[in-house]
Each structure stands twice: as structure tokens, then as C-alpha cells.
Asks: 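This structure is in C-alpha cells; I'll ask about it shortly.
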Number of protein chains: 2
Amino acid sequence: MAKSTSKEAISAEEKIKAAARKVFTQKGYAATRTRDIVEEAGLNIALLNYYFRSKEKLFEIIMLEKMQEFFGIIIPFLHDETTTLDKKIEQITNRYIDMLLQNPDMPIFVLSEIRNNNGLFKKIQVGKILQSSHFVRQLKEKQPGVQPLHFIASMLGMIIFPFVSKPVFKSAGVLNEHGFATMMEERKKLLPKWIKAMLGTK
Amino acid sequence: MAKSTSKEAISAEEKIKAAARKVFTQKGYAATRTRDIVEEAGLNIALLNYYFRSKEKLFEIIMLEKMQEFFGIIIPFLHDETTTLDKKIEQITNRYIDMLLQNPDMPIFVLSEIRNNNGLFKKIQVGKILQSSHFVRQLKEKQPGVQPLHFIASMLGMIIFPFVSKPVFKSAGVLNEHGFATMMEERKKLLPKWIKAMLGTK
DNA sequence: AAATAATTTAATCAAATGATTAAAATATTT
DNA sequence: AAATATTTTAATCATTTGATTAAATTATTT
């Protein structure tokens, strides 16, 4: 062992990981070259293989991390037995939008990498967690005639889709970076109102 | 000139294009090898370069085609001055879902390739078309206090997001292929009702 | 301080991949 | 049918790219 990280020194390993987070999420696995990553980190290409063995192993680490963030963030709210359905909707909307504003590339990265490679994703038990949640029970109770998945897909769609389509709106000249942030702040208020209106329909 | 396409003979050029459509939309530009495409077409690798000069040029052709489909399909409805707002919502929802059921890989393909390369997308004037549309005027009239983009992002999110997240729900065991199709058929009824409810909130 | 262990570098390798070439096969025109 | 043009193939090239190696450097232990 070397490098006592006593002060502020960031280890080469951590620099590579940080660079990998950035480059992988921006360009995706296939379009990323190991050389892009080490260049971003200001380091040597052999170090990547020294610390992580291969591009694929490094990717798995980053991907698992990102999936945990992407799916994990709402789990506590889903299971909270002390909150009303309306409260959960507000919490999930707010919390998710805040997190994605910090990680705007995350959704399209996670979703398109899962398309390319289900294997990693299956390690995370999203399906069971979701279906056994208090949130789903509350949705069923409120609208027994409609599959809860419809509401969930709609809610997540309204939250996540703007991030996925941001490049489209930007290069179409409909939105700039600042306009997007403003829009997402407004959505924290709008979406709960709209989702409640949806749940109120017969 | 050779190959008179008098009967059913599909030209090599068209076989390659068809294969390219399939492989590019399934795996994306970077993860696609020219060898994948010609193999899918049952042809020789030199033919791809003979007819299309390069992987990139072939990709541009496919990408422009897909963007036209992805964005173009709703344009006639957006501009129809004879229909009510509610009618437009029904038409767009129905038409879009039907088209995407035929092309389920299209959204994630188009959206992630635009992220990687704005250049091509800018050739299509989506921004201006949208903002000058009858649909947007009707949205403004109905809810002057809310930017039309909020409604559009929500509507498109509810339509498109299920396709983008289909691999997630499938490998999470929440949905199989048939369940997904059923769900999307149900959504043709549900979404217009929900969008109208959103537009009805104060 | 010497010996040992860990980290970093420059140089290189092997495989994958987009592209080309020259010849063969097929179709079209004269 | 001969001449010409087009299409297809097998073989090969050049570059890119993930990975390795052996030596140099730096840190840690004895």
C-alpha cells in the first residue's frame, strides 16, 4: 500500500473512476475509448488496466453505481407507510427532479445501457421492490380499475422524459440550459397537481 | 444499371439498408460494426462501401429517415386548424402509440443518437414547426399561465417513456412482450383522459 | 539506509474494424 | 455474340483500440 490519502491527494484510482463516470455517462459504453477516460483523468492508459483490469470491469462498477442512484433514490419513499399517496407523489417528484438536475445525463445513459445489456440490471431487484411497495398498494386502493404500472409509467415519464429529450429541445432551439432548469423547477409544482388530477379521474 | 427489380428481387443496396435499419436501431451507431450489418443482410462487406461509401454515410441515411418518422408523424395533427384541442390529443396519442408499437426501438435510438451528434438533427426544423402550430396556440388559450412545453413534454413523456423503459420493465420481470402491447393499447384510452384532466386543473 | 512493495510510465502487442483493391461474375448495350 | 458496364467476391490494408510488459519511479517496511 502507498499513497496515504491523509490530505487532499486524490488517488489515481479515484481519478480514473471519476473520469469514467463522466465519459461513460456522456458517451455510453461503446463510444467510449479507454484512452478518452485516462485522458480526462490526465493519466496513463496502463493505470486503468492496472487498477480495474479491463474497460468492461470498470464499466460494471460505474454502471452498478448509476443504477443504484437511478432506481434507489425513490425506494425509501415508496415504502414509507406513514405518508399519504399525495405526499409520496410530491416527495418522489421533488427528490427525483433534484437528483436528475445534478445528473442530467444519467437517464439516457442508464436506459440505453440496460437496453444493450440486461445482465447487470438483473442484479438489482427493482420489480419485486416496486410491486410489494406501500405506494403500489395505495395506487390500487385509489383506482382499482387501473394497473398501478400505468400511473408509475406516467409519473416517471413526466419526470424523466424531459431529461432524455433535453438534447432535442436544446438543438431545436426551444430551450437553453437555463430555460431547462427553470422548467424543471416549475415541474416540481406542476407534476404533483397533474398526477393527482389523473388519479381523480373515473 | 443492372438488376431490373421487375419481380420480387430486392437489390443488394436495399438489403443493406434494411439490415442497417435493424442493426443501427437495435445497437446504436457506436456498437454497430459494418460486419454486423452485412452479415444481417447475408452479403459481403465490400458491398456496403460500394453502395454507401462508408459506415457514417449509411448511418446518416438511416438516421434522417428515423428522425423524419419520429418527429414527422404528429406534424399533420399539430397543424390541423379544423380539430379541437381534445381531438388533437386523441389523434396524437393514438397515432404515436400505433407507430411506436411497430418501431419500439426507435425512441431510444433517436434520442440517444441525437445526444451523441446534434448535427444531423438540426437539419430538421422541429422547433419552429412546433412553436408555430395550431396545437400550441390552443394550449396557450386553454392554460395561459402554463408554458405549452410543459404539456407537450408530459404528453410525449407518457407516450414515449414506456418504450424507452421497456427493457427495464421486461428484465425486472414486471412485464413481458404481450403485457407491454396490452398496456399500450390501454393507454390509448387512458392518456387522452388524463391529459384532459391535467388541462382542466387551475 | 537498505530492502521490499506499490505505483507509474513508455513502448509495444494483438485483435478488431472500417475501408480498399483487383479480379471474377453477371447484366446490359451495341 | 462481342463489347461494355455494373455488381459481387476474396483477399488485404491501415488504423484504432483494449491490453500487456518490462523498466523506472516512488513509497513503505525492516
Side-chain angles (χ1 to χ4, degrees), chain A residues 1-64 109 113 116-117 119-120, chain B residues 1-64 109 113 116-117 119-120:
Chain A
M1 215 164 289
K3 278 288 169 56
S4 58
T5 33
S6 49
K7 295 245 171 179
E8 277 303 301
I10 300 158
S11 69
E13 186 173 353
E14 202 43 60
K15 275 185 197 162
I16 291 171
K17 237 176 171 175
R21 262 180 221 113
K22 181 173 174 184
V23 181
F24 275 139
T25 53
Q26 263 174 20
K27 318 212 295 181
Y29 177 79
T32 296
R33 297 167 307 141
T34 52
R35 281 162 175 83
D36 296 334
I37 294 171
V38 294
E39 195 181 311
E40 173 74 31
L43 293 171
N44 186 298
I45 198 173
L47 282 173
L48 188 151
N49 292 286
Y50 176 69
Y51 284 113
F52 301 98
R53 306 289 302 165
S54 72
K55 177 188 178 185
E56 202 176 337
K57 291 228 170 61
L58 172 56
F59 176 76
E60 284 190 14
I61 292 167
I62 304 302
M63 182 69 190
L64 283 172
F109 167 72
E113 295 302 334
N116 296 338
N117 171 13
L120 279 175
Chain B
M1 213 165 289
K3 279 287 169 57
S4 56
T5 32
S6 49
K7 296 244 170 176
E8 278 304 302
I10 299 159
S11 70
E13 185 172 354
E14 202 43 60
K15 276 184 196 161
I16 291 171
K17 238 175 169 174
R21 263 180 221 112
K22 181 173 175 184
V23 181
F24 275 139
T25 53
Q26 263 173 19
K27 318 213 296 181
Y29 178 78
T32 297
R33 297 168 308 143
T34 53
R35 282 163 174 82
D36 297 333
I37 294 171
V38 295
E39 194 182 313
E40 172 74 31
L43 293 172
N44 185 299
I45 199 174
L47 282 172
L48 188 152
N49 292 286
Y50 175 70
Y51 283 113
F52 300 99
R53 304 291 299 165
S54 71
K55 176 188 178 186
E56 200 177 337
K57 292 229 169 61
L58 172 56
F59 176 75
E60 285 191 13
I61 291 168
I62 305 302
M63 182 69 188
L64 283 172
F109 167 72
E113 295 301 335
N116 297 338
N117 172 11
L120 279 175

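Order of the sequence lines sets the chain letters (A, B, ...), proteins ahead of strands, with each chain counted from 1.
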Asks: Looking at side-chain heavy atoms only, is the closest gap between A/Val38 and A/Leu47 below 4.5 Å?
Replies: no

Asks: Among D/dT21, D/dA10, D/dT8, find the nucleotide with the atom closest to the side chain of A/Ala46.
Replies: D/dT21

Asks: Side chain of B/Lys55 only, please: which of C/dA11, C/dG18, D/dA10 is the nearest?
Replies: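 Selected nucleotide: C/dG18.
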
Asks: Within 45 degrees of the axis of the six-membered ring of A/Tyr29 and under 6.0 Å from its centre: does A/Lys55 put its NZ or CZ there?
Replies: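 Geometry flag: set, cation within 6.0 Å and 45°.
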
Asks: Walk me through it: do A/Ile62 and A/Leu58 pass the test side chain to side chain contact (heavy atoms under 4.5 Å, CB included)?
Replies: CA-CA 7 Å; A/Ile62 304 302; A/Leu58 172 56; 4.3 Å; yes

Asks: Which heavy-atom pair separates A/Ile37 from A/Ile16 by the least distance, and what is that distance?
Replies: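 Where A/Ile37 meets A/Ile16 most closely, the heavy atoms are CG2-O, 3.9 Å.
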
Asks: Rounded to the nearest Å, what distance is computed from the CG atom of residue B/Leu43 to the C1' atom of nucleotide C/dA25?
Replies: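 Rounding to the nearest Å, CG of B/Leu43 and C1' of C/dA25 are 15 Å apart.
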
Asks: Select base, sugar-phosphate, or nothing to describe what A/Tyr51 touches, counting heavy atoms under 4.0 Å on all strands.
Replies: sugar-phosphate

Asks: Please walk me through it: do B/Phe109 and B/Phe24 pass ring pair (Phe, Tyr, Trp, His ring centres under 6.0 Å)?
Replies: CA-CA 8 Å; B/Phe109 167 72; B/Phe24 275 139; 7.3 Å; no

Asks: Report the nucleotide, chosen from D/dT9, C/dA19, D/dT20, that has the shortest atom-to-atom distance to any side-chain atom of A/Ile45.
Replies: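 In terms of side-chain proximity for A/Ile45, the closest of D/dT9, C/dA19, D/dT20 is D/dT20.
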
Asks: Test: salt bridge (Lys or Arg N to Asp or Glu O under 4.0 Å). Region: residues 15-27 of chain A. Which pairs qualify, not counting sequence neighbours?
Replies: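 For residues 15-27 of chain A, and leaving out neighbouring residues, the salt bridge (Lys or Arg N to Asp or Glu O under 4.0 Å) pairs sorted by first residue read A/Glu14-A/Arg21, A/Arg21-A/Glu65, A/Lys22-A/Glu40, A/Lys27-A/Asp36.
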
Asks: Using whole Å, what does the distance between atom P of nucleotide C/dA6 and atom CD of A/Glu13 come to?
Replies: 14 Å

Asks: What's the CG-C1' distance between A/Asn49 and C/dA10, to the nearest Å?
Replies: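 Nearest whole value for this atom pair: 15 Å.
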
Asks: Can you tell me the distance, in whole Å, between the CD atom of B/Glu56 and the P atom of C/dA19?
Replies: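 Computing the B/Glu56:CD to C/dA19:P distance gives 8 Å.
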
Asks: Nearest to the A/Asn44 side chain among D/dA19, C/dT20, C/dA10, which nucleotide is it?
Replies: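 Closest nucleotide to the A/Asn44 side chain: C/dA10.
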
Asks: Measure from the side-chain heavy atoms of A/Tyr50 and tell me the nearest of D/dT20, C/dT7, D/dT9.
Replies: C/dT7

Asks: Near DNA chain D, counting only heavy atoms under 4.0 Å, which residues of residues 29-42 of chain A show up?
Replies: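 A/Thr32, A/Arg33, A/Thr34, A/Arg35 - these, ordered by number, are the residues of the stretch whose heavy atoms sit under 4.0 Å from the strand.
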
Asks: Roughly, in whole Å, what's the span from CD1 in A/Ile10 to P in C/dT8?
Replies: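 Computing the A/Ile10:CD1 to C/dT8:P distance gives 13 Å.
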
Asks: Kindly write out the residues that satisfy side-chain contact (heavy atoms from CB on, under 4.5 Å) with A/Ala46, not counting sequence neighbours, or none if the list is empty.
Replies: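 So A/Ala46 forms a side-chain contact (heavy atoms from CB on, under 4.5 Å) with A/Asn44.
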
Asks: Please report, rounded to the nearest Å, how far the P atom of C/dA19 is from the CG atom of B/Leu47.
Replies: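 Roughly 14 Å, once rounded to whole Å.
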
Asks: Report the distance from atom CG of A/Leu48 to atom C1' of D/dT20, rounded to the nearest whole Å.
Replies: 13 Å

